[in-house]
Every structure is written in structure tokens, then in C-alpha cells.
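Throughout, numbering of the chain's residues begins at 1 and tracks the sequence. Heavy-atom basis, side chains included; hydrogens, waters and symmetry copies ignored. Start at 1 and go down the list; that is how both ligands and their atoms are numbered.
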Amino acid sequence: MSLHSQVVAIEWRQQTLHLLDQRILPHQHQLVECHSAADAADAIRSMVVRGAPAIGITAAYGFALDALAGRDLDIAYQVLAESRPTAVNLFWALERMAALTNANGQQLLAEARRIHEEDIQANLTMGQWGSELLGDQTTVYTHCNTGALATGGHGTALGVIRSAWADGKIRHVYAGETRPWLQGARLTAWELMQDGIPVSLVCDGAAAQLFRQGDTAWVIVGADRITANGDVANKIGTYSLAVLARHHGMKFMVVAPSTTFDLSLPSGADIPIEQRPMTEVTRLQGIQIAPDDCQAINPSFDVTPAGLIDAIVTERGVIHQPSVATVAALLATH
Ligand code: MRU
């Protein structure tokens, strides 16, 4: 069975960054062209491209675009850093690019390509590690979109599911629809169906009832930032899934490359949580569903405490029972 996903979200061609517009998938397939760091920042902010690793890769290419055009790289850095606050991969990628102080545009483009390629390789490795944790004929639940669309390719949590499917271990995947942007309904269901992996979409609020039935063994999710103690920021709704998984005796797996760790932060309480416009909650794809002028809150991420997580799968290996000690021990390797 092929591991290769046909979905390409980020492509560099003809000196231009091409992004598949994820706001209108799965029914429309359009590319957005970026010619500058400012274009790339707009694409990140407006959700053309999303998912922590994909945001980092896009920022790296955006930085390279301004280097190739001879623009001020301090401004490029600033513009990109202000696009979205929670995914640390964005800041990691910018730091890595900015560290090459004497590099020319072509060398910075080569670095962006390396960041892109390394992410794909990390995903394939995590896919293997994660698959090994699953038993035969496993039914899993996933949240948001963590696939080829959210990364350089293959995916983090969805990469594990894809690899486990290739290993013959997956019986069924439940995908939470993921209000308000519906990444689960629009993107994850689409990616899994492209690969012929059996998936059922679930309203976010149906997870508890589903878990009580007892046939779902693992919740598998990605991450936007993991702190020194193993707390995990991920798409809003992840924390409730972790509580539900523990209550129902299920396992909870986080899959993220080492670029998602932020060891400068002691715990999840220190992670900046993006607050997005309330109209994303009061409207559904542009159509007002709540009463006019209705107030709403729209935190885009939540924090799952390390104590609710059974395993964090990285490309360097698996952290079981995450804590300050187990996170430090794994990241000290390599
Ligand atoms: O708001 P989004 O769509 O960028 O949020 C994405 C997530 O929360 C993903 O789970 C996370 O970035 C991991 S993606 C491999």
C-alpha cells in the first residue's frame, strides 16, 4: 500500500510560492500565489495555509521571497512573526532562516526547501513510530486536520493514521468536524477519502457518546506548541477529547516534530492562545447563524495537560508519560 499522499499544499515553482487555498477545499481547488513575505503572512493569517508545520514552511519561503527581491529582512521577519501567535514552528523556522546572516537569496531559498523536505522526512518517521503503538484492527478518533495539508507532506497525527493504514492496522477513523473552521469535515475527511481510508465524520459534541460505545481505542492529534513539561496546545476541542479519553479508558497520542517543542516555556499556561474574530463563530461559511449582534468567544487553541497524554510521538522517538524529565531526555538526544 502506498504511503504517498497526492495532496500538495505548498509548492515552490517559477520563483513563486504557490499555496493550495484551504479555505475553500474540498469543493474548489485554487492556488494562491505569494510573491513576498507580506503575501505569505496574509496567507497564514487568513487560513489559506494552516497547520503548525505548514505555517513554519510557508514562513521560511516567505522570508526567502523577500531575500530574493532584496527587501529588508528585519521587516520580513517582523511581518511573518505577527501573522499567527500559537504555532511555535513559525518562530522556529524564522529563527533558522534569520540565523543565516550572510546568506544570499538563493541560499535562503535552499534553506527553506531543506526545512520543507526535513518536515516530510520527520512525518514519515513519526508515522512509523506511531503505527507501532497501535494494535491490530484499531479504531481511532482524530481532530482538526494534521495531514499533508497541515505539513510538508504525509502529516503528523494523520501521518500516523496513514502509516498505520499502510501497515494494515486501522479498522476505522472517526474525524471530529472541528468547529468553527471545519478542518475535520472539509480537510481531514477529504484527505482520508483520497487515500481510501474508511472515515466517518462526527459532530464535535458527539465524541463522548461515541467513546462510551467502547470500540475507539486511541485519540490521535497534532500540536501547535509543546512546553517543557509536556503540556500541549492544539486546536480548540483537543482538551475535552483528552478528558473524555481518560474517562473512558482510551489512549491519547500527540504527534509532533521536535520543531513544535518550546522548551523556553515551563508550562502550557505560558502559551499565547490565538483569539480569532467572533464572526467565525456567529457565521457559518459567511452566513449569519446566530442572532444579529450576538457576542461570541473564539479561542483557536486549548492546552491539554501532560498528565492526560499517554504518548508524544516525535521523529526522535516516543515520549511516554510526558513530564519535564521525559521531554528533556528525548530532546537531549541528537
Ligand atoms: O488553526 P489551524 O488549522 O492552523 O490549527 C491546526 C491544528 O491545531 C493542528 O492540529 C496542528 O497545527 C498540528 S498540524 C500537523
Under a 4.0 Å heavy-atom limit, does [X] contact ligand 1 with its side chain, its backbone, both, or neither?
X    : answer
H143 : neither
A52  : both
A223 : backbone
T151 : side chain
T146 : both
W181 : neither

Query raised in the report: Can you name the one residue among T314, L158, V221, V160 that meets side chain to side chain contact (heavy atoms under 4.5 Å, CB included) with V255?
Result: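 That would be V160.
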Classify the side-chain pair [X]/[Y] by whether it contains a donor and acceptor separated by less than 3.5 Å.
X    : Y   : result
E82  : Q78 : yes
Q30  : D21 : no
T259 : N89 : yes

Report task. May I ask you to say whether R186 pairs ionically with E191, meaning some side-chain N is under 4.0 Å from a carboxylate O? Result ->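 Answer for the salt bridge query: no.
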**Report entry** Exceeds 12 heavy-atom contacts within 6.0 angstrom, atom CD of Q213
**Finding:**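 Atom CD in Q213 is packed in, count exceeds 12.
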Around [atom], find the nearest protein heavy atom and jot down its residue, atom name and distance.
atom                    : result
atom 15 (C) of ligand 1 : T156 OG1, 3.0 Å
atom 14 (S) of ligand 1 : A150 CB, 3.7 Å
atom 7 (C) of ligand 1  : D224 OD1, 3.3 Å
atom 9 (C) of ligand 1  : N234 OD1, 3.4 Å
atom 5 (O) of ligand 1  : K235 CE, 3.2 Å

Query raised in the report: Is the closest N or O pair between I55 and ligand 1 shorter than 3.5 Å?
Result: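 No, I55 has no N/O under 3.5 Å of an N/O on ligand 1.
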Query raised in the report: Step by step, would you call T188 with N145 a side chain to side chain donor-acceptor pair (under 3.5 Å)?
Result: CA-CA 5 Å; T188 297; N145 172 267; 3.2 Å; yes
**Report entry** Per-atom contacts, ligand 1 versus P53 - under 4.0 Å to a heavy atom
**Finding:**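 By the 4.0 Å cutoff, the relevant atoms are 14 (S), 15 (C).
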Query raised in the report: With atoms numbered from 1 as shown, which atoms in ligand 1 lie under 4.0 angstrom from a non-hydrogen atom of Q183?
Result: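 Heavy-atom distances to Q183 below 4.0 Å select 1 (O), 2 (P), 3 (O).
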Requested in this report: Start with the C-alpha gap between S323 and T326, add the side-chain angles, then the distance that decides, and say whether side chain to side chain donor-acceptor pair (under 3.5 Å) holds.
Outcome: CA-CA 5 Å; S323 67; T326 56; 3.2 Å; yes
Report task. Considering non-hydrogen atoms only, spot the tightest contact between G176 and Y141 and give its length. Result ->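 Closest approach of G176 to Y141: CA-OH, 3.4 Å.
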Query raised in the report: Do any heavy atoms of E274 fall under 4.0 Å from ligand 1?
Result: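 False for this residue.
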Query raised in the report: To which of R225, M47, R84 does the heavy atom nearest atom 4 (O) of ligand 1 belong?
Result: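 Residue with the shortest heavy-atom distance to the ligand atom: R84.
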**Report entry** Derivation of the side-chain contact (heavy atoms from CB on, under 4.5 Å) call for R50 and R84
**Finding:** CA-CA 10 Å; R50 28 68 48 204; R84 287 188 82 188; 3.9 Å; yes
